[in-house]
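Sequential numbering from 1 along the given sequence is applied to the chain's residues. Both counts, for ligands and for their atoms, begin at 1 and track the order of listing. Predicted model only: the values in this text are computed from it and were never measured.
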Amino acid sequence: MDMLRVRMSSLLVVSLMVISSLPCSQGYTDEQDVFAINTLYVSLGAPLLPGWRIGGDPCLEAWQGVQCVNSNITAIILNAANLGGQLTNALGNFTSMITIDLSGNHIGGSIPENLPPTLRKFFLAGNQLNGSIPSSLSNLTLLTDMSLTNNILQGELPDAFQTLTGLVNLDLSFNNLSGKLPPSMASLLSLNTLHVQNNHISGTLNVLQDLPLGDLNVENNLFSGPIPQKLLTIPNFKKDGNPFNISSPPSPAPASSSLPPPGAPSSEASSSQNPEPPAKNRNSSTIRFIIYSAIAVASLFVALLLILVCVAKCPKTQKVELGRPKVPVDNEKLISQNNDSGRDVAKSNAEKEKEDEINKTMRGLHAMPSLDANVTENSGVPSDKIQTVTPEKQSPVSSFSIATLQQYTDSFGEENLISNVKLGKVYLAELSDGKLLTVLNIDNADSAMPTDEFLELVSILSGLRHPNVLELVGYCAEFGQRLLVYNHFSRRTLHDILHGGDNIKKKLSWNARVHIALGAARALEYLHEGCQSPVIHENFESACILVDDGLEIRISECGLAPLMVSDSAAQVRARSSYGAPEVSDSGSCTDKSDVYSFGVVMLELLTGHKPYDRSRPREEWHLVRWASSQLYDINALSRMVDTSIDGKFPMKSLSWFADIINRCIQQEPEFRPPMSQVVQDLSRMIEDARTNASTISSSSSEGEAKASEQL
Ligand SMILES: *[C@@H]1O[C@H](CO)[C@@H](O)[C@H](O)[C@H]1NC(C)=O
Ligand SMILES: *[C@@H]1O[C@H](CO)[C@@H](O)[C@H](O)[C@H]1NC(C)=O
Ligand SMILES: *[C@@H]1O[C@H](CO)[C@@H](O)[C@H](O)[C@H]1NC(C)=O
Ligand SMILES: *[C@@H]1O[C@H](CO)[C@@H](O)[C@H](O)[C@H]1NC(C)=O
Ligand SMILES: *[C@@H]1O[C@H](CO)[C@@H](O)[C@H](O)[C@H]1NC(C)=O
Ligand SMILES: *[C@@H]1O[C@H](CO)[C@@H](O)[C@H](O)[C@H]1NC(C)=O
């Protein structure tokens, strides 16, 4: 037992040493790979792809269609993803690339000269690639599968096949290739499928006669000369549409030529089975297979440990881990890839596999990525708890891609539109796991603020954590866009409730109104006095008080004032019926102008009137003007109370409320109380009502009365 324990703990120590020596504080993905994929991304025209962003970290952020082993990119699979642009020589900079599949896109230009020498599967079918096939193909010594079908490739096939002894499937059909089959094709000792139909290739097929082909299609070319006898035994041989001159000199081949070529399949077995490759090749392949499998398993183990340690050790890197679909290292897939490549397992044909891959990727592209545990955990947790969870005030805020947000919001569809606010449009975003987010898509994004300033603002907003402040969880600054992503709280605002014209308002009792006022006051107190650098709301009104079914509230648009385009912002504020008098004069806001706006909202709660309402009698248009003179006349005050409360309010509480309003809407800013004072007064008022109530009837305290209310 002791021995075992000692061994276990030393194993643990060693693992920890290995892991802690791995870098996990900055760039996770191999630098060269990052360079290569970013260059490729730009070269493809930086299309919208889930997770992808210039300068991002592909393995850490699990970019859609990108597979990694550890910190090395091993596959890019994006077919039928509507990609345009061109490829790039930076492909050659990938250190560990195994599979590139960009089939079914609109990629133009030519196939780059520099290709990753580790490549095994190379699929560029169904694009608009022109130019010729590069002779650097010879460097891809591990290549097993290549399809370039359905492009507009031209020129001769390069004489570059000497080294491609592991190539099993080659599809060059439906291009504009010409010239003759090059002599080096005779070295394709593992070739099972060759499709070159629908090109302009000429010359004879002689070079193919000793290859272990099971599937050969040369239709619709310019092949001539007698067809080698050996090829006629290929089970799946299509040759129509060529000017073969069958009548030409009889085949020089002696009788023995009717035997299958060495290693060629017998006709019954070969349609589903692959010819045996030369023994030496097979042995080295098997060894390769075992080694790669071992590496893959070991990599997975290290990757898992690394992720665990990173999560525990480097809270800063969480920032980029969030909000992205996590594509785990696909160990099984890696093994199976090595499997086919190593053992030359026969495929039905390249096309079928391609279809499978396309289907897989389409599913992948349409699958809704879900937020990582980190974000999900935070949902619904009172925000002051979050601060204790994350040390050093680092709040988890993730960068979302436009594409992801499009998915979440049904392409910013009408059905997901919650509201139009001064800064832009607010959408409901739904994740695949049902979690809801609120997304503010800021209008005039590019003129609103340069990216670096926006990111600075995001970092400030991410520090705003209070139970009554809507919680920022992410942002998007891609392609000049400016979006802010919040945990969803409620679609309904106080404005909707008070002025929505339905029956909800009736349910808003006096106590509920006081409770809402206190919550809002606490939020403003926090912004003005409680957070690291004071924040002026500048746009406080009933429309930014979100109210949920339990009558809890959160304030939206906190800290967003810097996003208002300056001159129009001043106009908006000046026109706003919530704006303090000095704001219309100077256009500048202070914490005391927020206090004024808060007073207006309290008046709104008291009267049920809008701050400016031309549907009312003329003297009542301006709520503040109409109400302010009557706040100390208890009779007039009672008459002012929202009729939907039905006279059910304690007189003392009402006059106390009116007193707070009166102080908040003072003309001179210096006479208005700080929000902390307002919070104190409202709390005392509630406390007082509670003790009074409990002396009368022990069962109807304020708290219980409030708690029993629901919208
Ligand atoms: C990319 O590859 C090219 C050619 O091999 C090389 O010159 C260049 O330094 C590489 N760039 C990076 C960033 O590795
Ligand atoms: C990642 O690539 C580097 C550089 O080519 C290589 O040294 C390392 O072994 C690779 N790691 C894995 C897990 O493939
Ligand atoms: C190849 O395609 C690129 C872009 O798609 C185009 O600019 C170029 O002219 C084409 N070249 C040829 C020879 O067709
Ligand atoms: C490919 O191999 C040739 C030699 O056969 C070499 O000159 C060339 O630099 C290689 N290209 C790449 C991209 O590795
Ligand atoms: C195919 O190549 C020939 C020259 O080999 C050229 O004349 C022709 O325009 C090409 N066709 C297409 C569709 O590119
Ligand atoms: C068959 O085609 C080859 C190549 O074009 C040519 O050299 C030969 O003369 C042809 N033979 C006949 C009988 O047409």
**Q** Taking distance alone, with no angle check, do Gln86 and ligand 3 share an N/O pair under 3.5 Å?
**A**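 It does not: no N or O of Gln86 is found under 3.5 Å from an N or O of ligand 3.
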**Q** What is the distance from atom CG of Asp30 to atom CG of Asn93, rounded to the nearest 0.5 Å?
**A**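 Rounded to the nearest 0.5 Å, the CG-CG separation comes out at 10.5 Å.
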**Q** Cation-pi between Lys121 and Phe123: NZ/CZ under 6.0 Å from ring centre and within 45° of the ring axis?
**A**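 The answer is no; the distance or angle limit is not met.
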**Q** Hey, which atoms in ligand 3 end up nearer than 4.0 Å to a heavy atom of Gly109?
**A**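 So the atoms of ligand 3 that pass are 2 (O), 3 (C), 4 (C), 5 (O).
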**Q** Quick one: side-chain contact (heavy atoms from CB on, under 4.5 Å) partners of Asn38, sequence neighbours excluded?
**A**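 Listed in chain order: Val34, Ile54, Trp63.
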**Q** When the ring planes of Tyr408 and Phe400 are compared, do they come out parallel, tilted or perpendicular, using 30° and 60° as the limits?
**A**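 Rings of Tyr408 and Phe400: perpendicular, over 60°.
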**Q** Is the CD atom of Glu31 crowded by more than 12 outside heavy atoms at less than 6.0 Å?
**A**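 Result for CD/Glu31: open.
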**Q** With side chain to side chain contact (heavy atoms under 4.5 Å, CB included) as the test, would you mind laying out the steps for Leu208 and Leu181 before giving the verdict?
**A** CA-CA 9 Å; Leu208 304 177; Leu181 295 178; 3.8 Å; yes
**Q** How would you list, by chain and number, the residues with a heavy atom under 4.0 angstrom from ligand 1?
**A**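 Near ligand 1, by chain and number: Gln32, Phe35, Asn93.
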**Q** Answer yes or no: is there a donor N or O on one side and an acceptor on the other, between the side chain of Ser43 and the main chain of Leu87, under 3.5 Å?
**A**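 Checked: pair present.
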